[in-house]
There are 2 protein chains.
Amino acid sequence: MALSHAIMTALLEDQLSGYELTKSFDTSLGFFWKASHQQIYKCLRDLEQQGLLRSEHIAQEGRPDKIIYQLTDAGHAELEQWVFGESKFRESRDDLYVKLYNLTPDNLSHMRLELEQRAETTRERLQLYQRIQARHYAEPTALPLRKRGVALVLRAGIAQCEQYLGWIDDCKQLLGDAY
Amino acid sequence: MALSHAIMTALLEDQLSGYELTKSFDTSLGFFWKASHQQIYKCLRDLEQQGLLRSEHIAQEGRPDKIIYQLTDAGHAELEQWVFGESKFRESRDDLYVKLYNLTPDNLSHMRLELEQRAETTRERLQLYQRIQARHYAEPTALPLRKRGVALVLRAGIAQCEQYLGWIDDCKQLLGDAY
DNA sequence: CTTTACATGTAACTCGTTACATGATTAA
DNA sequence: TTAATCATGTAACGAGTTACATGTAAAG
């Protein structure tokens, strides 16, 4: 299960509650790894049972109590080891590609619309990444090693968005003059 | 379940057995959608039960019998409709990105190695795509609409590979001069 | 007065992977 | 004789989604 390692990674710097993790999985690491709150809460309990995390119950006023988690020594060790394991390359499994195999005059305008929607969300995402990059990762060679890793992930995100937008333009060209 | 639609799509042109589908999912559509034979056989049975596919039992000499499947009218109709539904954008969920968040001097050389392995498999894949493109999709504006769709998917694959290779070069640069 | 944010959970289900199983034929 | 190709399956498990459930407080 790689979600556990993504969660442990998110806990490297801060101790966080399930709720906070869920939110950070909507941004940051979550740009590359989506997870629902149900998955995260479950995974946290499992990791605690395995001794990789330690929890603390925090009473709060005016809002529900929360449970915050932090890495144990065993958790740190596990993460460090995990990095050395093999990781395989998963396919994207995007419906859109399957749909394109089904392109017909009937659905052509619908496909153009879907492509435009993808372009729109991709543009938004790209802007967000670029803002984060400009703010925190503008000078990657000046960063400590771990931050350089994060900077590279961000670059991957940016490059993917740009590539995707270019491809959508290609699609529009090739579909635009059809029928 | 989008796998069913990927399978139905593969059956648009030919009638195929589970075994043949499994192989074509190792190539072609399978570049964008991986599935194991267990998944495929099960899905085929389910689709037949739903009346979207029809099967035929073929006795063979010198090799096992096989069951070939083809789309029914209901299957065609279902596929046509499905294209009009919403499809959402899934994240890549790649371990490698999570690992990069864990970059340390200790694992730096391992990370370089993993990046190089990715580059190698990506280069092979890219060459394969380019060969297919040159052979069958060299002149996309001359193709009928459905083939244009396929050509676009192939272009997406090529552009992704190129982008990925460029990113790996970036990584090497930023990690190469570290420590 | 309704929605959003905070905070955590259960249950059912679908999707996907891994391991195991069978058995013939053909090529190295 | 060992491995690969052909051909189809079961079973167990792990990962991920969707629906449902609860309850307070602040903001609109």
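Computed from heavy atoms alone, side chains included, the values below leave out hydrogens, waters and symmetry copies.
Proximity of residues 16-24 of chain A to DNA chain D (heavy atom under 4.0 angstrom from any strand atom) is not detected for any residue. Contacts with DNA chain D (heavy atom under 4.0 Å) in residues 87-99 of chain A: none are found.
Taking only side-chain nitrogens and oxygens, B:Gln38 never comes nearer than 4.0 Å to OP1 or OP2 of D:dT10. Between A:Tyr41 and C:dT8 there is a side-chain N or O to OP1 or OP2 distance below 4.0 Å.
No side-chain heavy atom of B:Val98 sits under 4.5 Å from any side-chain heavy atom of B:Asp95. Annotation: side chain of B:Lys147 is in contact with side chain of B:Tyr137 (closest heavy-atom distance under 4.5 Å). Between B:Tyr69 and B:Leu16, every side-chain heavy-atom pair lies at or beyond the 4.5 Å cut-off.
To the nearest angstrom, P of D:dC13 lies 19 Å from CD of B:Gln39. To the nearest angstrom, C1' of C:dT10 lies 12 Å from NZ of A:Lys42. For the pair B:Ile67 CD1 and D:dC6 P, the computed distance is 17 Å after rounding to whole Å.
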*Check the pair A:Ser17, A:Glu20 against side chain to side chain donor-acceptor pair (under 3.5 Å), reporting the backbone distance first and the verdict last.*
CA-CA 5 Å; A:Ser17 68; A:Glu20 289 159 343; 3.3 Å; yes
*Apply side chain to side chain donor-acceptor pair (under 3.5 Å) to the pair A:Arg118 and A:Tyr164, showing each step before the final yes or no.*
CA-CA 9 Å; A:Arg118 290 291 181 108; A:Tyr164 202 65; 2.9 Å; yes
*Run the side chain to side chain donor-acceptor pair (under 3.5 Å) check on B:His110 and B:Glu114 step by step: do they pass?*
CA-CA 6 Å; B:His110 174 78; B:Glu114 265 204 77; 3.0 Å; yes
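Summary of the strand contacts: B:Arg63 and A:Glu61 both lie near DNA chain D, and taking for each the nucleotide with the nearest heavy atom, the more 5' one is attributed to B:Arg63. Taking for each of A:Gln60 and B:Ala35 the nucleotide of DNA chain C with the nearest heavy atom, the 5'-most of the two is the partner of A:Gln60.
Under a 4.0 Å N-O distance rule, the pair B:Arg125/B:Glu162 does not qualify as a salt bridge.
No option in A:Gln49, A:Gln50, A:Lys42 other than A:Lys42 meets the side chain to side chain donor-acceptor pair (under 3.5 Å) test with A:Asp46.
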